[in-house]
Each structure stands twice: as structure tokens, then as C-alpha cells.
Amino acid sequence: VSTQSTGDSRIHMRREQDAKVFVCSCCGLRCPYEYFGQKPEMSPHLVWLEEVYTVKDPFVGFGKDSTKRSIVVGSKCSQCSKEVCHAPKCSLFYSKRFCIQCLLPHVDQLPLELRKEVTAAAQAARSSAQ
């Protein structure tokens, strides 16, 4: 019995080590992901404009199409290459993905509506960090 449980725990530890986990560098969101790239295997009809971290859609059910749906959890900032989720307080896609920290020094180069969003997101991020 002890050999069995030791073997099981080794398998479990190996699975944890092999697990791919996305971690947002801004808010700390942790999420296991299944694919990183522009053409998710589970959604062959999609081609993203950026490389993204995806997971299978847990809300689809178990039908034949359930393996073809995915949810994007994040991507990498095009400036600093840090992983960021797609929450407005963490990143913005404006032709490329930018984390809020990299975007702030260039906020004056954005259209007015986006400036407001980025400024509000930066304030929200500062508030949640305190």
C-alpha cells in the first residue's frame, strides 16, 4: 500500500511540475493554460492578432464541439515581454498588447478616449495595490 501511495504522489508532483501556469505580472492572476500562440489547436478556425494564453472553455459542456472552444486568459506585453491578463487595469491592446506600466509614459500619444481608460486603469491598479 505504501508503494502505491508513494508512486501516486510522485505522479502528482510530476504533473504539478509539468503544468503550465499563466501568472499576470500586474494583478497576480494565476491560471493553468493549455496553449500559447496565435493559432490555438482547440480552436483551429481562429487566428489571434497576438500570441495568447488560452484554456478550454469550461462553459461549453461535453459535446463534439466542446474541444473547439477556448478562452483567452492573457498575453505578453510587446514592450517588456511580461505576462499580463486582459483585464483593463492590467493591459490594453492598441495594435499590440501593452501592460499599463509600459503604456503610461506614452499615454499622451493615444487617442483621447483611450487616454481616459488608461489613466483610470492605472489609478485602479494603484488603489488595489495599496
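- The aromatic rings of Phe22 and Tyr53 sit tilted, their planes meeting at an angle between 30° and 60°.
- In this structure, Gln101 and Cys26 have side chains that are in contact, with non-hydrogen atoms separated by less than 4.5 Å.
- Under the 4.5 Å side-chain criterion, counting only non-hydrogen atoms from C-beta, Ser70 is not in contact with Lys56.
- Within the 3.5 Å criterion, the main-chain N or O of Val84 finds no donor-acceptor partner in the side chain of Ser25.
- The CZ atom of Phe98 lies 12.5 Å from the CG atom of Leu104; values are rounded to the nearest 0.5 Å.
- Following chains of ILVMFWY side-chain contacts shorter than 4.5 Å, one cannot reach Val73 starting from Val52, and the two form parts of different hydrophobic clusters.
- Under a cutoff of 6.0 Å and an axis angle of 45°, Lys76 and Phe36 form a cation-pi pair.
- A pairwise comparison of heavy atoms in Glu83 and Val21 identifies OE1-O, 4.5 Å as the closest pair.
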One pair to check against side-chain contact (heavy atoms from CB on, under 4.5 Å): Cys80 and Cys99. What are the steps and the verdict? CA-CA 8 Å; Cys80 66; Cys99 69; 3.8 Å; yes
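- When side chains are defined from C-beta on, Leu29 does not count as touching Val23, because their heavy atoms never get closer than 4.5 Å.
- By the 4.5 Å heavy-atom criterion applied to side chains, Val55 and Cys31 are counted as neighbours.
- Val47 belongs to no hydrophobic cluster with other residues, because no ILVMFWY side-chain heavy atom falls under 4.5 Å from its own, directly or through intermediates.
- Note: the hydrophobic cluster containing Phe59 does not contain Val72 (ILVMFWY, side chain heavy atoms under 4.5 Å, direct or indirect links).
- If you take OG1 on Thr54 and CD1 on Ile71, they are separated by 10.0 Å, rounding to the nearest 0.5 Å.
- Here the closest non-hydrogen pair linking Cys24 and Cys85 is SG-N, 3.3 Å.
- Considering every non-hydrogen atom in both Tyr94 and Leu114, the closest pair reads CD1-CD1, 3.3 Å.
- For the residue pair Ser78 and Arg97, no side-chain donor N or O sits within less than 3.5 Å of a side-chain acceptor on the partner.
- In this structure, Cys77 and Ser91 have side chains that are not in contact, with every pair of non-hydrogen atoms separated by 4.5 Å or more.
- Distance check: Trp48 CH2 to Gln38 CD gives 11.0 Å after rounding to the nearest 0.5 Å.
- The local environment of CZ in Arg30 is sparse, with at most 12 non-hydrogen atoms from other residues, nucleotides or ligands closer than 6.0 Å.
- There is a side-chain donor-acceptor pair under 3.5 Å between Ser75 and His86.
- Considering CD of Glu117 and CG of Leu112, their distance stands at 11.0 Å, rounded to 0.5 Å.
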